[in-house]
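Working notes, beginning with the structure itself.
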Amino acid sequence: MKILIQQMITGISIGSVYALIASGYALVYSLLDFSNWAHGEVCMLGAYCCFMATLVPKMPLSVSCLIGIGGAALISLFNEKLAYRRIRNNGSPNMFLMIAAMGLSTTYQNLANVIWGSKFKQLPRFFKTTTLNINGIFVGTTDLLCIVISLIVLVILLLIINQTRFGLHVRAVACAGRTARIMGVRIDQVIALVFVMAGALAGLAGITYGMKYNVYPTMGNVGLKAFIASVIGGLGSVPGAIVGAVLLGLIETVVSGYISSGLRDLISFSLLILILLIRPSGLFGVDVQEKA
Amino acid sequence: MKKSMLFSAVLAILVLALAGGVFAADLDTANPIKIGYVGALSGDTALWGQAGLNGLNLTAEMINEDGGILGREVQIIGLDGKGAADDSVAAYKRLVEQEGVVAVVGTNFSSCNIPIAAVSDELHVPVIATAASNELVTVDANGNLHPYSFRLCFIDPYMGYLAGSYAYNELGLRKAAIITDITDPYSTGVGGYMLDTFTSLGGEVVAQEEAQNGDNDFRAQLTKIAMAQPDVLFVPWNYVNVALIGQQARELGITAVMVGADGWDTNELIELSRGALEGSYYVSRPGFNLPEAAAYFEIYDAKFHSSKETECLYGNDGLMWIKQAIEAAGSAEPDAIRDQLEATDSFDGLLGHMSVDPANHNPSRDAAIFRVDADVVTYVGIYDPAK
């Protein structure tokens, strides 16, 4: 029983990072109907921004984290203004947005290699004590912090989407962009703000990932797992992305722990294919006929 | 002592030569001897690839200042194998077919050199692996020799044998667990021999877990290892993963002594592991602990301002071994070099003395034990269980 509880904690910890990234995917997908493949790299750049800030003497770690989150949000906004908005305004198909995202992804990865090199960096942690021992169940303090912060941030995100006027605008654009425009919603502004939010979430994910593991140019590849999570939950659905992410984290941990690590990705990707075949809209998704 | 003094004198002359370019006058630069290098020059393990190439370039510079090889200039051509098998094979083929190299040094990965060895059978240009320690780098699965494939490092069975033996005999540990990378022949190879030796001596294996390269979270597997309560955990991985496995193992309450192999051998290990590997041990080459190597690093550091990576010593030794072969053959033809490499009964490099077994191209050389503490890695000494 102890093993199972320990594995569940690990699964939720992994899933919480996936959830932060996956919710960013879902937000952008819900508005623009394309998979933003550069999202993982925004996550990586957020971690590097935080890392650079920690090098400044006497800089509190919490401020470095905010700089990382802010940096990622700005980069995400930059992507929207530089590439996506122009493609959208040209009336090009959504496939062009996805190709642009892939280009940005490769560019950022190479740029990180050039600027910071391929050496692995480490982010400082908030606590000196690494683990809490609760009746033989070990919970990492960094993990606990990450889970709690992720939970709070994701609840705030859901409240913004469901309870605020801005959230109403986001849902309106997601539901019917043209109608929303006719009704007076400033679509470009809404999309820009959504990119800022998605970027901030990616930045937070990058920082938590960097604290738990390392910061390196290819760390954005974790975005692929988050993308799978958002497909499982239903592309375009933020609650779905969160549930899908935690589910994926748990499945990966249970498969690694009880079946075989070698089969972990096989099972994760098989699950993705199965969901696309049986329930293309995922657990919480809506119509995906035209989704990329 | 005399040998190290002589070496220091030679190095000093070489430094002066580098500064003044005194020997360069008679060098035949129109007809250079081209030596290739394949290593990960980008990506996660570029630390090693860059160090290897730097080592080759520095030593080539020294050789050229000293009149080259057979009076001809040495040219180094380094290509990026990215630490991946397909890219490394492509790099080796390009070096041979397009650049016209007479020999190649690299890579440091068994997973890359195993396929390169098969290609070298066809292209007939010798390749000297640096730290690629899997048996299949020089012989195929049926035990047939790859005639053009050589290596500088000792092989997986020997490292596994030393690690297993050290854990059982010297550290007195009896219950072992292991976590291996199922995608890496190095990890499964060394890991298998660690366990074989440990159990043959009377030790018990209480947990065997697997993970994959690219994983960052090993807690699912480590949770099961923690429940088995081993007193030694074998971790035959590369340093980045070793650091993560170490931290996560300690977070899960695993207090076992961790024992590894040469994948741990980098200065990055201390910084990345956040003190989690305190009290661990690994088997590797003597590295910079030999005086000749320490002297070389002073020059290397002055030029590259780079961290102390053993791969630069491999780069030097690879090139110097090729130089010795060319001079012995009196020819820089690939087949002549191959014959001399195979016939090597004595080569003194920065990593110590070695000889080659012509039957399998494996070198016979000394190995050392290192102890990892919170902020320092200590050289324990040369370890030979037979003595």
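Note that the structure is a prediction, hence the values are computed from the model and not measured. Residue numbering restarts at 1 for every chain, and letters A, B, ... go by the order of the sequence lines.
Taking B/I182, B/L47, B/T183, B/V240 one by one and counting their heavy-atom pairs under 4.5 Å with chain A, the maximum is reached by B/V240. Per-residue heavy-atom pair counts under 4.5 Å with chain B were compared for A/I137, A/T10, A/N133, and the maximum is reached by A/T10.
Using a 4.5 Å cut-off between heavy atoms, A/S260 touches chain B through its side chain atoms alone. In this structure, chain A has a heavy atom under 4.5 Å from the side chain of B/E268, while its backbone stays farther away. With a 4.5 angstrom heavy-atom cutoff, B/Q50 does not touch chain A via any of its atoms. Proximity to chain A involves both the backbone and the side chain of B/L272, based on heavy atoms less than 4.5 angstrom apart. Contacts between A/Y216 and chain B at a heavy-atom distance below 4.5 Å involve the side chain alone, from C-beta outward. Residue contact with chain B, scored on non-hydrogen atoms closer than 4.5 Å, involves the side chain of A/T218 exclusively. Using a 4.5 Å cut-off between heavy atoms, B/L252 touches chain A through backbone and side chain atoms alike.
The shortest non-hydrogen separation linking B/G106 to B/N113 is O-ND2, 3.2 Å. Considering every non-hydrogen atom in both B/A163 and B/F234, the closest pair reads O-CE2, 4.0 Å.
In B/R94, the CZ atom is not crowded: 12 or fewer heavy atoms of neighbouring residues, nucleotides or ligands sit closer than 6.0 Å. Around atom CE of B/M227, more than 12 heavy atoms belonging to other residues, nucleotides or ligands sit under 6.0 Å away.
Checking A/D143 against A/S13 by side-chain atom types alone, a donor-acceptor pair falls below 3.5 Å.
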Checklist entry - Going through the checks in order, is the ring pair (Phe, Tyr, Trp, His ring centres under 6.0 Å) test met by B/Y314 and B/W48? => result CA-CA 10 Å; B/Y314 273 131; B/W48 289 327; over 10 Å; no

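Taking a cutoff of 4.0 Å between a charged side-chain nitrogen and a carboxylate oxygen, B/E309 and A/K119 do not qualify as a salt bridge.
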